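The next block holds one structure in the form of structure tokens; read it before the comments.
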Amino acid sequence: MPELPEVETVRRGLAPVMEGAVIAQADVNRPDLRWPFPENMAGRLTNQKVLGLRRRSKYILVDLEGGESLLIHLGMSGRMLISGHKTGDYHHDHPVPAKHDHVVLHLDSGVRITFNDARRFGAMDLLPTVGQEDHWLMRDLGPEPLGNNFDEAYLVERLKNRNTPIKSALLDQRIVSGLGNIYVCEVLFRAGIHPACKAGQIAAKRVSGLVPIIRAVLEEAIAAGGSSLKDYRQADGELGYFQHGFQVYDREGDPCVNPDCTAQITRIVQSGRSSFFCPQCQR
DNA sequence: CGGATGACCTGTCGGC
DNA sequence: TGCCGACAGGTCATCC
């Protein structure tokens, strides 16, 4: 699920219930996800007040009063669930964890935040809030696509002379951080660029055109998450999953959405990952 | 160095 | 119904 828009939707869903709350108890049900959890994670989270939630690329950062931040990455299958009371005292309420409920945060409000991740490609870590941009998972990230440091001149420069397919280049988090397989497919369709085009051979004008398209696709997806999920939360408390009408992703064999086009959406595999595109509209 | 591939995990789906 | 392979929204380590 989680590319930048989904992670942002999860952050927006968690923020109102977590900010200002105290983590009364943290259940850590296994020693690791993709990597081992940090030393004494449960203890370091316990009795910490949550100051705020931020996002960097696909990472959620939970700033704690004691000077550390909890880093959360959802991997491929990570989900956050909100459950329990919205008000009232903390009751030491401990339902039996569901399968793959790896970490449960019990807030002093009675609300529980559960991190569930079947494939365990997700991650959690604790790091100093100050200087966290130097953390090994974040230090090499490229600019935020919705931020001021991502612009036409930057992208043209970064793609210059690159021999890799544009699909791979846009998935490279060091160039621009936050795009994943779905939104790269959608961006390239909207830009009319074939995913196998060598990045360095695309005219600067067309590369420049990618910048506003990337921004628009991500902003529309974030907006769709907000509207389709109401307060970012589904009835079962799960955050961040919403069906957004994709124009090419997972539409192999379906007709192109362009009314002037009679072609079918095609799937190819590039560096082990599916790319969906219209062979007529994308050159 | 750049670029491609394998690896990490579990779940789901379609075909036989 | 069961079994098997293909595939899944990420990204790091390794190989050429």
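Basis for what follows: all heavy atoms, side chains included, without hydrogens, waters or symmetry-related copies. In what follows, chains carry the letters A, B, and so on, assigned in the order in which the sequence lines appear, proteins first and then strands, with residues in each chain numbered from 1. In this text the structure is predicted, and so the values were computed from the model without any measurement.
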Measuring only between side-chain heavy atoms, which start at C-beta, is A/M124 closer than 4.5 Å to A/V103? yes

Does the pair A/R34/A/D32 count as a salt bridge with the N-to-O cut at 4.0 Å? no

Atom-pair distance (CG on A/L179; C1' on C/dG9), nearest Å: 12 Å

Hey, can you pull the residues of residues 132-144 of chain A with a non-hydrogen atom under 4.0 angstrom from DNA chain C? A/L137

Between C1' on C/dG10 and CD1 on A/I182, what's the gap in Å once rounded to a whole number? 12 Å

Do any N or O atoms of the protein come closer than 3.5 Å to N or O atoms of nucleotides 5-7 of chain C, and which pairs are they?
| from | atom 1 | to | atom 2 | distance (Å) |
| --- | --- | --- | --- | --- |
| C/dC7 | OP1 | A/R267 | NH2 | 2.8 |

List the atom of A/Q270, the atom of A/A196, and the distance in Å for their closest heavy-atom pair. NE2-CA, 3.5 Å

Mind running side-chain contact (heavy atoms from CB on, under 4.5 Å) on A/V7 and A/E3 for me, showing each step along the way? CA-CA 6 Å; A/V7 175; A/E3 301 182 32; over 6 Å; no

Got a donor-acceptor contact below 3.5 angstrom from the A/E68 side chain to the A/D63 backbone? no

Stems for DNA chain C (at least 3 consecutive Watson-Crick or G-U pairs, under 3.5 Å) come to B:2-8 with C:10-16, B:10-16 with C:2-8

P atoms of B/dT5 and C/dC7, separation to the nearest Å: 15 Å

Heavy atoms, side chains only, cut-off 4.5 Å: are A/L127 and A/L71 in contact? yes

Rounded to the nearest angstrom, tell me the gap between atom CZ in A/R79 and atom P in C/dG10. 14 Å

Whole angstroms only, please: what is the CG-C1' distance between A/L74 and C/dA8? 15 Å

Residue from A/T114, A/N116, A/N29 passing side-chain contact (heavy atoms from CB on, under 4.5 Å) with A/H100: A/N116

Min side-chain heavy-atom separation A/C278-A/F189 under 4.5 Å: yes

Parallel, tilted or perpendicular, judged at 30° and 60°: which one describes the rings of A/F277 and A/H194? tilted

Protein within reach of the bases, or only the backbone? For nucleotides 5-16 of chain B, mark each nucleotide 5' to 3' as B, S or -, using heavy atoms under 4.0 Å. B--BBBS-----

Distance check needed: C/dT11 P versus A/D172 CG, whole Å only. 11 Å

Has A/K58 got a side-chain atom pairing as donor or acceptor with A/E6's backbone, closer than 3.5 angstrom? no

Take the protein atom CG of A/L171 and the nucleotide atom P of C/dA8, then report the distance between them rounded to whole Å. 13 Å

Can you find a pair of side-chain heavy atoms, one from A/H106 and one from A/V104, that are under 4.5 Å apart? yes

Test side-chain contact (heavy atoms from CB on, under 4.5 Å) on A/V257 and A/R251 and set out the steps. CA-CA 10 Å; A/V257 296; A/R251 293 194 63 239; 3.5 Å; yes

Just by distance, with hydrogens left out, do A/Q25 and A/D27 show a side-chain donor and acceptor under 3.5 Å apart? yes

Would a 4.5 Å heavy-atom cut-off, applied to side chains only, mark A/L137 and A/H73 as touching? no

Parallel, tilted or perpendicular for A/W35 and A/W136, by the 30°/60° rule? perpendicular

Can you tell me, in whole Å, how much space there is between the P of C/dT11 and that of B/dT12? 23 Å

What is the distance from CD of A/Q173 to P of C/dA13, rounded to the nearest Å? 15 Å

Check whether A/Y183 reaches the backbone of A/G178 with its side chain - one donor and one acceptor, N or O, closer than 3.5 Å. no

Interatomic distance, A/D250 CG vs C/dA8 P [rounded to whole Å]: 8 Å

Close N or O pairs between protein and nucleotides 1-3 of chain B (under 3.5 Å):
| from | atom 1 | to | atom 2 | distance (Å) |
| --- | --- | --- | --- | --- |
| B/dG3 | OP1 | A/N163 | N | 2.4 |
| B/dG3 | OP1 | A/T164 | N | 2.9 |
| B/dG3 | OP2 | A/R162 | NE | 2.7 |
| B/dG3 | OP2 | A/R162 | NH2 | 2.7 |

Answer yes or no: does a side-chain N or O of A/Y249 lie under 4.0 Å from OP1 or OP2 of C/dG9? yes

Pairing residues for A/E152 by the side-chain hydrogen bond (donor to acceptor under 3.5 Å, both in side chains) criterion, not counting sequence neighbours: none

Residue-phosphate contact under 4.0 Å: A/H73 side-chain N/O, C/dT11 OP1/OP2: yes

Phosphate OP1/OP2 of C/dT11: any A/K58 side-chain N/O under 4.0 Å: yes

